[in-house]
Asks: 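A single structure is presented below for examination.
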Amino acid sequence: MLLSALISLVYKDGVTFQICIAGLLTLCLGGISMFFTRHHQKEINKREGYIVVTFGWIIMSLAGTLPYIITGSIPSFTNAFFETMSGYTTTGASILNDIEAVPKGVLFWRSLTHWIGGMGIIVLAIAILPLLGIGGMQLFAAEAPGPSTDKLHPRITDTAKRLWLIYVGYTAAETLLLKVAGMSFFDAINHALCTLSTGGFSTKNASVAHWNGEPIIQYIIIVFMFLAGTNFVLSYFAFKGKIQKIIHDDEFKLYFKFIASFTLVAALIIYFRADISISSINHPMVWGEGESAFRHAIFQVLAIVTTTGFVTADYTLWTPFLAVFFFGLMFLGGSAGSTSGGVKVVRHLILIKNGFLEFKRTLHPSAIVPVRYNKKAINRFIVFNVLAFFILYMLSFIIGSLGFSILGIEFKSAVGLAASTLGNVGPALGDFGPVNNYAPLPALGKWWASFLMLIGRLELFTVLILFTPFFWRNR
């Protein structure tokens, strides 16, 4: 917040003092909390871990509303909490009708919530969730630095430091490239913060469609969306020169194939069937129709698969097939250990492999046929965990859709809202599509959406286990 106040001071937007007050209030609240909880056990068990992660995210979101409320940029507490939760969970759904009228210090804070939440998720996925036994990262336990016992291992600190370095490095590189490509420094750093976190907040009302006349800017964002949706452990291996680990990684290979095949399908349909000019804002044909179709296709495929949520056009107008196609991609998600939301590619990979193996098991009921990942047999409990996650995810989607429909939201918008908020995608369907925002959502709907964003971001089990009676029973 104090960094945002500095940006406010540099750009003289008139809210420097208010953001400083928000920052100091947060410092005071944090300091008081630390003082009264200074006497505690040095080690935490799994039960406390779930509580710390869930309530930590909620308290961060409550504190994060202060810059919006004190500056008057978002005077409503409900709207401010929604925007903050959307920021920290890197969903990118916004209630702001005129983003460009918001003071630059507040816009920078808005982007920072993405960046903080994105890095928090990487550390959570690689260091904390395997400890709790629920993350997709158990599969990397043999290769990646991380916890190896029931208590936090010193290597977690080293892992977090290396990942922070990669995250900061990517952010700085994208900022520089976007600036050189023609963005202002302010727009460049904000979009870099939101790309690496796979968030989706933009400083422009038209999102990245504002730069439809400058394809190079969109290609830079495409590259960094792809990197942000890739497991950050693989980036670490790449910088260490261990390229073979990346080439032979099953999840990365499937992630790449998904992006390539989905882009090909979307590009062909856009080129032969869709009229981009009616769905796009500020759309001059810079390098020809073929290039434009490919660029819009790969941009939107990556934006939805990685759950970044940037838009270059209203893809719901491209054809009914593509509208349903992109809706389906909301359930995919990027790689485990990335800043992406959604189900994650590794879970889909395990589900697909286990599904095919069921045919073998049917023919040979006595055979032991394990699911393999990176040429290693996976513990059957991980397969059960993935199956349970997928079932719980679909149940959450159905219940989420019902929750929105109770509020009077029509079917297409309700299912789009549930898929988008649970998957931390951002743009939905219908009244809440790519060129609209979440401002018309009723107050109860915003709280419901905030809850779905939270459980989707924290891998469902982390939050939902708090609602089970046995969690609170004495041992």
Asks: Short question: side chain of T71, backbone of Q18 - any donor-acceptor pair under 3.5 Å?
Replies: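 Here the side-chain-to-backbone pair does not exist.
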Asks: Between K446 and A439, what is the shortest heavy-atom contact and its length?
Replies: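 The answer is NZ-O, 3.3 Å.
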Asks: Verify whether the ring centers belonging to H114 and W109 lie closer than 6.0 Å.
Replies: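 So the answer is no for these two rings.
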Asks: In terms of side-chain geometry, is the basic nitrogen of K344 or E459 positioned less than 4.0 Å from the acidic oxygen of its partner?
Replies: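 Between E459 and K344 there is a salt bridge, with a charged N closer than 4.0 Å to a carboxylate O.
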Asks: For T91 and S86, run side chain to side chain donor-acceptor pair (under 3.5 Å): C-alpha distance rounded to whole Å, both residues' side-chain angles, the deciding distance at 0.1 Å, then the answer.
Replies: CA-CA 5 Å; T91 303; S86 178; 4.8 Å; no
Asks: Is the centre of the F467 ring less than 6.0 Å from the centre of the F471 ring?
Replies: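 Here the rings of F471 and F467 have centres that are no less than 6.0 Å from each other.
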Asks: Using atom types as modelled and distance alone, determine if a side-chain donor or acceptor of T307 lies under 3.5 Å from a backbone N or O of I304.
Replies: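 No, T307 side chain to I304 backbone: no donor-acceptor pair under 3.5 Å.
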Asks: Counting the benzene-type ring for Trp, do F325 and Y315 have ring centres under 6.0 Å apart?
Replies: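 No, the ring of F325 stays outside the 6.0 Å limit from the ring of Y315, centre to centre.
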Asks: Parallel, tilted or perpendicular: which describes the rings of F461 and F389, with under 30° parallel and over 60° perpendicular?
Replies: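 Tilted: the ring planes of F461 and F389 meet at 30° to 60°.
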Asks: To check you understand the geometry: which heavy-atom pair defines the closest contact between A266 and V301, and what is its length?
Replies: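 Where A266 meets V301 most closely, the heavy atoms are CB-CG2, 4.3 Å.
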Asks: Can you tell me if N424 uses its side chain to pair, donor with acceptor, with the backbone of M453 under 3.5 Å?
Replies: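 Such a contact is found between N424 side chain and M453 backbone.
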Asks: Between the main-chain N or O of W115 and the side-chain N or O of Y167, is there a donor-acceptor pair closer than 3.5 Å?
Replies: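 Yes.
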Asks: Parallel, tilted or perpendicular: which one describes the rings of F451 and W448, with boundaries at 30° and 60°?
Replies: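 Parallel: the ring planes of F451 and W448 meet at under 30°.
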Asks: Testing I259, V345, D249, V346 for side-chain contact (heavy atoms from CB on, under 4.5 Å) with L254, which one passes?
Replies: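 Testing each of I259, V345, D249, V346 against L254, the sole residue satisfying side-chain contact (heavy atoms from CB on, under 4.5 Å) is V345.
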Asks: Do F108 and D13 have side chains that approach each other closer than 4.5 Å (heavy atoms only, starting at C-beta)?
Replies: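 No, every pair of side-chain atoms sits at 4.5 Å or beyond.
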Asks: State whether the side chain of S413 and the backbone N or O of G430 hold a donor-acceptor pair below 3.5 Å, judged by distance alone.
Replies: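 Such a contact is absent between S413 side chain and G430 backbone.
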Asks: Is the NZ or CZ atom of R457 positioned over Y88's six-membered ring, under 6.0 angstrom from the centre and within 45° of the axis?
Replies: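 Ring-cation test returns no.
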Asks: Where do M1 and I19 come nearest, in terms of heavy atoms and distance?
Replies: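 Heavy atoms only, the tightest pair is O-CG2, 3.1 Å.
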Asks: Let me know which of F299, Y255, Y170, F258 forms a ring-ring contact (aromatic ring centres under 6.0 Å, His included) with F226.
Replies: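 Exactly one option meets the ring-ring contact (aromatic ring centres under 6.0 Å, His included) with F226, and it is Y255.
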Asks: Does any donor atom in the side chain of T306 or T198 lie under 3.5 Å from an acceptor atom in the other side chain?
Replies: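 No - no donor-acceptor pair under 3.5 Å links their side chains.
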Asks: Can you name the nearest heavy-atom pair linking A93 to E83, along with the distance?
Replies: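 In this case the closest contact between A93 and E83 is O-OE1, 4.2 Å.
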Asks: Give me the atom names and distance for the closest heavy-atom approach of S4 to G105.
Replies: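 Taking S4 first and G105 second, the nearest heavy atoms are CB-O, 3.5 Å.
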Asks: Under 6.0 Å between the ring centres of F81 and W447?
Replies: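 Judged by ring-centre distance (under 6.0 Å), F81 and W447 do meet the cut-off.
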Asks: Using a 3.5 Å distance criterion without hydrogens, assess whether the side chain of N354 forms a donor-acceptor pair with backbone atoms of I350.
Replies: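 No.
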Asks: Of all heavy-atom pairs between D431 and E410, which one has the smallest distance, and what is that distance?
Replies: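 It is OD2-OE2, 4.2 Å.
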Asks: Has D314 got a side-chain atom pairing as donor or acceptor with P434's backbone, closer than 3.5 angstrom?
Replies: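 Not at all, since once roles are kept as given, no pair shorter than 3.5 Å links the two residues.
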Asks: For residues 406-436, pull every pair meeting ring-ring contact (aromatic ring centres under 6.0 Å, His included), keeping only residues two or more places apart or in separate chains.
Replies: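 Only F432-Y438 qualify under ring-ring contact (aromatic ring centres under 6.0 Å, His included).
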Asks: Donor-acceptor check, side chain of E251 to backbone of L349, threshold 3.5 angstrom: yes or no?
Replies: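 Here the side-chain-to-backbone pair does not exist.
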Asks: If you count the non-hydrogen atoms of other residues, nucleotides and ligands that lie under 6.0 Å from CZ in F17, is the total more than 12?
Replies: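 Atom CZ in F17 is not crowded, with 12 or fewer foreign heavy atoms closer than 6.0 Å.
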Asks: List the steps and the verdict of salt bridge (Lys or Arg N to Asp or Glu O under 4.0 Å) for D250 and K353.
Replies: CA-CA 11 Å; D250 288 348; K353 285 192 171 188; 3.4 Å; yes
Asks: Would you find a donor on one side and an acceptor on the other, under 3.5 Å apart, between the side chain of T195 and the backbone of H191?
Replies: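 It does hold such a pair.
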